Amino acid sequence: MTRDATKGAPGEDAVGLPVIDVGPLVSGIGDRVLVAAAIGRACREHGFFYVVGHGVDAGLLRRLEQLGRRFFALPAEQKEAIRMERGGRAWRGYFGVGGELTSGRPDLKEGLYFGAELPEDHPRVRAGVPLHGKNLFPSAVPDLRGAVLETIAAMTRVGHAIMEGIALSLGLDARYFAERYTGEPLVLFRLFNYPPAPPSAAQEPSWGVGEHTDYGLLTLLWQDDAGGLQVKSGTRWLEAPPIPGSFVCNIGDMLDRMTRGRYRSTPHRVVNAAGRDRLSFPFFFDPDWDAEVRPIEAFVEVLDDHEERWDQASVHEFRGTYGDYLLGKVSKVFPELRRDVLP
Ligand SMILES: O=C(O)CCC(=O)C(=O)O
Ligand SMILES: [Fe+2]
């Protein structure tokens with residue numbers, strides 16, 4: 001069922017993040033209770049694990065990698081033709097290196113943002129709900145559209161399946177999250193390209209992404225073979241090296257909130273020390289925009305860690321919908337978009 005990805009950060013003991021075969025959750029064949037127990041253990045111990053047996057076609061991911069590389073290799077003006085400012089409230093499109101400030105400082109990465117492809121006459125688009133709308137696709141790489149939309153659909157299925165495992169691992173009905181929060185999940189998908197980090201004279205490396213936690217329920221991340229993702233487990237930073245055919249899965253702030261701190265959203269960061277570009281594709285599986293995310297009834301005591309958190313913010317104190325929570329975060333990481341995105 002599980003094996004260890006044994007590789008600690010340099011100079012540390014080899015400490016493994018578990019590798020979990022989620023096949024039984026995805027296909028319905030096999031023992032999903034055992035898988036759920038492995039997921040539960042991983043969530044309690046690390047908040048991070050690798051996922052295999054996810055059923056997302058390897059050929060599709062290879063194609064997406066090639067198309068992604070082709071996009072990022074385009075001349076700047078062709079990438080800028082679909083820059084994020086053009087995506088308006090839908091919050092889609094391209095931003096260049098330094099355009100996103102994940103932990104208050106510019107990240108050493110460029111990215112292309114996607115989400116569910118919604119037509120102009122969709123009620124939420126007509127109502128001007130932020131983060132809902134059409135994607136911006138590059139005309140110079142026409143096949144990217146199909147590959148991205150196919151990947152979003154496939155990863156959405158995996159997201160639902162893992163959330164069933166998480167529900168079972170918490171002693172809840174498998175449909176607990178689907179019935180309350182993810183009937184219509186908010187899904188966001190990004191292609192990132194990290195240029196090589198310059199050798200740093202100072203002690204602080206040039207972060208591809210600074211330390212942060214993710215905002216929603218689950219993140220599934222495809223990464224190429226460059227490495228550089230680091231995960232905080234307790235007080236230690238562990239490497240999460242690439243494992244071919246896997247996604248890295250981590251839990252976000254909303255699951256932390258629902259479990260009152262039992263499943264922590266684990267801080268992570270990226271430094272690309274490979275000396276060449278690093279490509280990664282994170283997929284965010286989040287609650288419906290209008291959902292008010294509440295603690296699970298069975299958990300009474302709050303295990304609050306906000307004083308140790310990277311942003312000193314408490315995920316437990318927030319009041320409002322997931323959309324409100326997300327907008328608060330987005331406006332910090334893309335300050336120049338605030339005017340377009342905030343209602
Ligand atoms: O690119 C990566 O490996 C991680 C990206 C990430 O943490 C994020 O986008 O939230
Ligand atoms: Fe992240």
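Counting starts at 1 for both ligands and their atoms, following the listed order. Here the structure is a predicted model, which means the values were calculated and not measured.
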Is the backbone N or O of [Y] less than 3.5 Å from a side-chain atom of [X], with the two atoms forming a donor-acceptor pair by type?
X      : Y      : result
Lys134 : Glu120 : no
Arg124 : Pro130 : no
Arg278 : Gly227 : yes
Arg157 : Val26  : no
Arg257 : His316 : yes

**OP:** Answer whether the closest heavy-atom distance between the side chains of Leu17 and Ser233 falls below 4.5 Å.
**Re:** no
**OP:** For the residue pair Arg44 and Ser169, establish whether any side-chain heavy-atom pair is separated by less than 4.5 Å.
**Re:** no
**OP:** Sum up the protein N, O or S atoms located under 2.8 Å from the Fe ion (ligand 2).
**Re:** 3
Original post:
Hey, which residues fall under 4.0 Å of ligand 1 on heavy atoms?
Top reply: Phe192, Tyr194, His212, Asp214, Leu221, Leu229, His268, Val270, Arg278, Ser280, Pro282, Phe284
**OP:** Determine, using the 4.5 Å side-chain heavy-atom cutoff (strictly less than), whether Leu168 and Leu218 are members of one ILVMFWY cluster.
**Re:** no
Original post:
Within a radius of less than 6.0 Å around CZ of Arg294, do more than 12 heavy atoms belonging to other residues, nucleotides or ligands occur?
Top reply: no
